[in-house]
Each structure stands twice: as structure tokens, then as C-alpha cells.
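What follows is a single structure, written as C-alpha cells, with notes after it.
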Amino acid sequence: MKKYEKYPLYINNSLHRKKEKFEPLKAPHVGMYVCGPTVYNDVHLGNCRTFVSFDVMYRYLMHLGYQVRYIRNITDVGHLMDTGEDKMAERARLEQLEPMEIAQKYTRRFHHIMSLMNTLPPSIEPAASGHIPEQIQMVQAILDNGLAYEVNGSVYFDTKKYNEESGNYGQLSGRVLEELFSETRTLKNQDEKRDPADFAIWMKATDGHIMKWRSPWSKGFPGWHLECSAMSTKYLGKTFDIHGGGADLKFPHHENEIAQNVGACKVAPANYWIHTNMLLMNGKKMSKSDGNTITPEELMDGNNEHVSQGYDPMTIRFFFLQAHYSSTLDLSDHALQAASKGYQRLMNALKIAKNLRPEDYPAQGDAELDDKIQDQHDRCYLEMSNDFNTAKTLAVLFEMAGVLNDIDSGQIKTKQISSEAIKMLTNTFTVFLEDVLGLEKVQESSSKLDDVMQILLEIRQTARAEKNWALSDQVRDQLAEAGIKIKDSKEGTSYSL
RNA sequence: GGUCGCGUGGCCGAGUGGCUAGGCAGAGGUCUGCAAAACCUUGUACGGCGGUUCGAAUCCGCCCGCGACCUCCA
């Protein structure tokens, strides 16, 4: 019996605004598409939260026994500014680089950050610029189906006609087409559209535009929403299981994506839509465009006015997972400090778990304790299978940490706990912490500093043995002044920066 | 203005009809040469006013406050 049969997964499907049992099209295969970053500058922490959320879903799906194809795109074309200039092109102009250099540069930096945050790479990470033919084909298919029209080399999606035929425009975002553009904003190229709700799927490039490709309609570039439609269809098929992204993409991006897919392929793209909520700072959404942001580097270095110190990437990941992905989360220095302590507590317990040997324990233990551990094991699965409730799962892991500490301190005696229970406890704790939630022990620094510290700590240890408190305290205090804290414990003395 | 969501103890944050969320901080304790760290124990809560119910933080209504989206956004 597969784990996913034993612990059926329930997902809050934003398409229907309710929690539904997850039934993949072709179990054990699962196709998941997540909207990735636009690589015209560095990702900010809000982006990271989204990708960490989907990383945990990806990990848990795999842990349940599904074979997941996880697609996360890189947007490197077609995203326009209010001025009409492409975001990539604008950045290229500012940095005096080629647009593709910009894309490469920020893609590489994005990968670096994602790796620090311990997210697994997706199965395929397609770039929009590498899928122009597929996008042109899709424009053609929509035209062939009579749901788009060409004006002066640009092609627009006929939203009104689409809605008349399918009646579904606005289903995802809960919008009514007639009311949608009652208050019109002045936007570029509005004059070419038949209806304000129409949107470009192919745009003719203006003279100065650098990123452009040949198409049956003009030398131009695809509309922003089109890449996800084309690439999800190419790699996951016309209909697939899960489509995810930040809540701010619901409208218009995802709504238009659905319209394009249905318009081209006559079927809805994804059965389950998952939207992650926004990371806030000072109670306001973190957003690239209005400057209310903090980058992962700034947070890790502590080089930002909003934080008093740098935070380890794993602390940040833990901080994210303490809240449910569908809730807003307010970033603050205070909350991060709390997260740092809590995370450390789990890591201490992890160390204990890894040192326990089931063979040291008897075949029979205290039945009550065995039941407790069985219950904690079950709850880890039930909570994660309940719409990926990482907050609740962490709460169970903290309970398990308590048991591990009790074993370690002798509060729970060896004879009280069975070998099987120990196995289940350590295995569940380790697997959920590391494999499912992706939380790992902070890498110890392995520089010469370790050697130097070893020497200093030995000197201090000798002084202590000789009751030379003046010297031992001098070592401790002066190290503290240099920002190095030392911790005495039964196993010896360790240090941290 | 329209649509959607939120308001939980000092702070962060789960929970959705009766059963302890959890973390941090605070308090008490264990350990320790002292300290720190670590560990154990522990109090405090559901924005306001009504309603439904045997029973509501949880459902309904109104009010107050906050946020998101409404063609830049994860």
C-alpha cells in the first residue's frame, strides 16, 4: 500500500475555494507547474517564501510515493513596464548588458539563493525565451479557434467571445467580466483592443525593442501570460494536476492563462490550483515594485534597517514553515529571533535522534509511550496531508523533541521504550524534519578557525581543571567581545559565532 | 467603489461547534566554579455587539479595524 493511499492528501483548491481530496490524473504520476521568477533583478524574500512553500509540497508529494514532474519557469521575456519597455530590456540598458546576460546573471543568483534555502531544483526549469515556437503555435491555435484577432501585427485574445462560449472567464479570481473594467485605466495599446478586457498574446515590437522574434503576424514577442500556457502544455500535457503560484498572480495572470489554454486546447489546464499568500513587512505586502522589500542576502547578512542581525537561511525557512502557506505572514526581527531559538531546539533534538540506537532498547516497552509515539507519527502524516499544514506538523515535531530530550536526560528510562518505538520516533522525526520540511543542520564552519578555537578551548579547559578561574573566564569573556559565544555542556565545549 | 480574506494570550502563529496547538518572551526549577547554553514545569486568549445551539474562538447578522486583488508583482 502506497503512503498516499494510507494518508490521502487534501488540498485547498483555489479554483473551487474549498478543500478537496487530491486525485491525480494518472497516479502515481503527478504534474505540477509553478510560476517562477522574472529574472530582471534579484528575488526578494517574498518570492522565496512562495518557492519554499512549493518545495515542501513537492517534497511531501514525493514522500507519499508520487512520481512528480515539477516545472518552474523562468520568465525572461514579455514582461512589460508601464512605459511599454520590456523589464529585461530596461535592466539591460541600465546595467549596460545584453538582455540575455541579465537573464543569466539573475537566474544564477536565484539558483544560489534557492540552494541556500535548501529547495530542491525542479524537474524542468524552462525559460520563456527558449519556447518562442511553442508560444507562436499556441497563438495560432487560439486564432484558429476564432478566439483571438490580429491588429497591426499584434494578436489579442477575445475575452468577451471566449466568455460567451465557455462562460468561465473570471472563475478563478471570482470576477465578473462585465464589471471588470468599469473603471478603465489608461494603458498602452488600448486603442487596438476591441474590448478593455482583451489582452495581448503576441505583440508587434516597436523600433527600439531588442527582444523580438519572427512570427506570422510581425516581428515581435509573446504576451506575458502566454509562456506558462505553452510550457505547461508542452511538458505536462493539456491537462495536468497542480498549478501553483503567488496569490498576486491569480488575476490577471492565471485567469488569462486558463483562458489561453482553454482557447487553444479546449480543456482546462490544471485540476488543482494552489495559491500561496503574501509575505508582509510592516504589515504591508512585500513587493518588488514599491520598494517594500528585503533581499535574502540582506536578511542573511543583517544588512538592512529592518533587522538587528543576520539570520541563517534555515532559520528563515523554519520561520516560513511555522505559518500556513495560505496565510499572510508578517516579517519582523522579533519573530525571526523567536524562530531562530525554536529552530535550534529542533536541531538539538535531531542530534539526539541521530545518536539513538534501536538495538540498545528492549523488545517490549511501556505501552503508553509506544502509543504516544505511534500517535505522533500518525499526526505528522495527517497534518501534512491536510493541505500541507507545516505549522501543525512542526508542533508535533516539537512534541517529539520533548520525548527525545526526556530520553536523553534519562527522564525516560531505556527499559521503558521498545526498540520498535525508538525506530519509529527517530525515523519519523528525521524524515519529516529533513526530507519533508527540508530543514537541515546549519553547516559548521570548517575553516582554520575550528583549529584555532580547539586550541583556545583546550587552554581554557586546562585552566578550569586547575581552578584557574581568572584565566578561564578571561578566555570566555574576550571571545565574547570578539563575537564568539562558547557553550559548556556535558559532552564538552562548543562555540558559535 | 467592486471582489476576496483576516482580526487568537506580551510577540509570532495553528485551529473551525464540546477535547492542551506549537514556538519565543515571562515565572519557577535542574545542571554548572560562576555565567551562558541546554533541559524540565508553568500562567495568561480568541476585535465589539447581537443571534442560532444543550454548548461558539469556531456557524449567522451588523459594526469597528487591517490587508490583498481590480492588467508591474511570488
Side-chain angles (χ1 to χ4, degrees), chain A residues 17 34-38 40 43-54 79-83 87 170 173-176 179-185 187 190 196-200 223-225 244-253 255-256 275-280 283-290 293 318-319 322-324 326-332 334-346 348-349 379 383 386 389-399 401-402 405-406 408-409 411 464 467-469 472-473 476-477 480 485-490 493-494 496:
Chain A
R17 292 188 190 78
V34 172
C35 291
T38 304
Y40 68 101
V43 290
H44 64 67
L45 205 66
N47 303 101
C48 292
R49 182 193 181 198
T50 292
F51 300 131
V52 165
S53 296
F54 284 108
H79 226 139
L80 301 188
M81 319 277 298
D82 279 348
T83 58
K87 280 188 172 175
S173 55
R175 263 155 248 264
V176 180
E179 295 171 359
L180 202 45
F181 297 97
S182 47
E183 50 171 300
T184 35
R185 277 169 52 177
L187 288 161
Q190 285 295 333
D198 294 350
F199 53 94
W224 167 42
H225 314 300
D248 50 356
L249 296 182
K250 221 186 226 185
F251 188 88
H253 183 61
E255 198 68 71
N256 290 351
H275 287 96
T276 55
N277 219 323
M278 298 295 103
L279 183 66
L280 312 180
K284 296 274 185 204
K285 177 179 157 184
M286 197 173 282
S287 162
K288 271 191 198 182
S289 49
D290 66 15
T293 62
F318 172 82
F319 170 69
Q322 268 193 310
H324 192 255
S326 65
S327 302
T328 54
L329 174 62
D330 204 346
L331 179 87
S332 70
H334 200 69
L336 279 164
Q337 279 177 8
S340 174
K341 288 268 180 70
Y343 174 67
Q344 208 48 58
R345 189 169 148 82
L346 284 179
N348 288 339
R379 273 154 62 220
E383 300 299 355
N386 182 14
N389 195 331
T390 54
K392 209 62 194 278
T393 305
L394 280 168
V396 179
L397 291 175
F398 274 108
E399 282 180 36
N405 285 330
D406 283 347
D408 188 52
S409 67
Q411 287 284 111
R464 289 179 74 200
K467 297 194 194 298
N468 184 353
W469 309 130
S472 71
D473 289 356
R476 182 175 71 197
D477 296 344
K485 276 184 253 178
I486 62 177
K487 295 177 190 175
D488 295 326
S489 70
K490 273 172 275 181
T493 303
S494 61
S496 61

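Order of the sequence lines fixes the chain letters, A, B, ..., with proteins taken first and strands second; residue numbering starts at 1 for each chain.
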Separation between the P atoms of B:rC46 and B:rU41, rounded to whole Å: 26 Å
Nucleotide B:rG67, atom P - distance to CG of A:Leu279 in whole Å: 16 Å
Per A:Asn389 side chain, nearest of listed nucleotides B:rA74, B:rC69, B:rA14: B:rA14
Out of B:rA37, B:rG23, B:rG13, whichever nucleotide has its closest atom nearest the side chain of A:Ala323: B:rG13
Inter-nucleotide P distance (B:rG17, B:rC40), Å rounded: 32 Å
Under-3.5 Å donor-acceptor pair between A:Asp488 side chain and B:rA36 base: no
Euclidean distance for P, B:rG26 against B:rG10 (whole angstrom): 15 Å
Passing candidate, side chain to side chain contact (heavy atoms under 4.5 Å, CB included) with A:Thr50, options A:Asp248, A:Thr276, A:Val43, A:Leu249: A:Thr276
Earlier contact from the 5' end, RNA chain B, for A:Ala401 and A:Ser173: A:Ser173
Polar side-chain contact A:Asp473-B:rG33 base: donor and acceptor under 3.5 Å: yes
Pair partner, B:rG5 [Watson-Crick or wobble, under 3.5 Å]: B:rC66
Closest contact, heavy atoms only, A:Leu336 versus A:Leu331: CD1-CD1, 3.7 Å
First encountered from the 5' end of RNA chain B, between A:Phe319 and A:Gln411: A:Phe319
Sugar-phosphate only, base, or nothing, as touched by A:His44 at under 4.0 Å among non-hydrogen atoms: base
Sugar-phosphate only, base, or nothing, as touched by A:Gly174 at under 4.0 Å among non-hydrogen atoms: sugar-phosphate
Distance, P atom - from B:rC19 to B:rG55, rounded to whole angstrom: 15 Å
B:rU8 versus B:rA45 - spacing of their C1' atoms, nearest Å: 6 Å
Atom C1', compared across B:rG28 and B:rG33: separation rounded to whole Å: 24 Å
Per A:Lys87 side chain, nearest of listed nucleotides B:rA74, B:rC69, B:rC72: B:rC72
Nucleotide nearest A:Ala338 (side chain, heavy atoms from C-beta), chosen from B:rA74, B:rG22, B:rG23: B:rG23
Shortest non-hydrogen contact from A:Gly46 toward A:Met286: N-SD, 3.6 Å
Contact under 4.0 Å: A:Ser327 side-chain N or O vs B:rA14 OP1/OP2: yes
Sugar-phosphate, base or nothing in reach of A:Lys485, heavy atoms under 4.0 Å: nothing
Touch class at under 4.0 angstrom, heavy-atom based, for A:Ser472 against every strand present: base
Touch class at under 4.0 angstrom, heavy-atom based, for A:Gly244 against every strand present: nothing
For atom CZ of A:Phe251 and atom P of B:rU3, their distance in whole Å: 15 Å
Sugar-phosphate, base or nothing in reach of A:Lys467, heavy atoms under 4.0 Å: nothing
Presence of A:Arg345 side-chain N/O under 4.0 Å of B:rG23 phosphate oxygens OP1/OP2: yes
Complementary nucleotide for B:rA38 - Watson-Crick or wobble, under 3.5 Å: B:rU30
Pair of N/O donor and acceptor under 3.5 Å linking B:rA35 base with A:Arg476 side chain: yes
A:Trp469 over B:rG33, stacked by centroid distance under 5.5 Å, angle under 30°: yes
Separation of the P atoms in B:rG50 and B:rA57, to the nearest angstrom: 14 Å
Integer-rounded Å distance: B:rG13 P and A:Phe318 CZ: 13 Å
Out of B:rG13, B:rA74, B:rA21, whichever nucleotide has its closest atom nearest the side chain of A:Asp330: B:rG13
Options B:rA74, B:rA36, B:rG13, nucleotide nearest the side-chain atoms of A:Lys487: B:rA36
Sugar-phosphate, base or nothing in reach of A:Leu336, heavy atoms under 4.0 Å: nothing
A:Lys250 side-chain N/O to B:rC4 phosphate OP1/OP2 under 4.0 Å: no
From B:rC40, B:rA14, B:rA25, nucleotide with atom closest to A:Asp406 side chain: B:rC40
Atom-to-atom span, NZ of A:Lys284 to C1' of B:rG67 - whole angstrom: 7 Å
Steps toward side-chain hydrogen bond (donor to acceptor under 3.5 Å, both in side chains) verdict (A:Ser326, A:His324): CA-CA 5 Å; A:Ser326 65; A:His324 192 255; 2.6 Å; yes
Atom pair distance, as rounded to whole Å: CD in A:Gln344 and C1' in B:rG23: 14 Å
Donor-acceptor pair, side chain of A:Asn47 and main chain of A:His44, under 3.5 angstrom: yes
Main-chain N/O of A:Lys392 paired with A:Glu383 side-chain donor or acceptor, under 3.5 Å: no
Ring geometry between A:His253 and A:His225 (parallel below 30°, tilted from 30 to 60°, perpendicular above 60°): tilted
Sugar-phosphate, base or nothing in reach of A:Ala247, heavy atoms under 4.0 Å: nothing
Shortest side-chain distance from A:Asn405, nucleotide among B:rC72, B:rC39, B:rA14: B:rC39
Which nucleotide in B:rA25, B:rC34, B:rG13 has an atom nearest any side-chain atom of A:Arg464: B:rC34
Minimal non-hydrogen separation, A:Ala401 against A:Leu346, with atom names: CB-CD2, 4.4 Å
Of the listed nucleotides B:rC24, B:rC12, B:rA14, the one nearest the side chain of A:Ala335: B:rC12
Exam field: side chain A:Arg49 to backbone A:Asn277, donor-acceptor pair closer than 3.5 Å: yes
Nucleotide B:rA68, atom P - distance to CZ of A:Arg49 in whole Å: 14 Å
Side-chain N,O (A:Arg379) to OP1/OP2 (B:rG22) below 4.0 Å: no
Any strand: nucleotide that pairs with B:rC54 via Watson-Crick or wobble, under 3.5 Å: B:rG18
Counter-base of B:rA45, judged by Watson-Crick or G-U geometry with both distances under 3.5 Å: none
Atom C1', compared across B:rC12 and B:rU44: separation rounded to whole Å: 16 Å
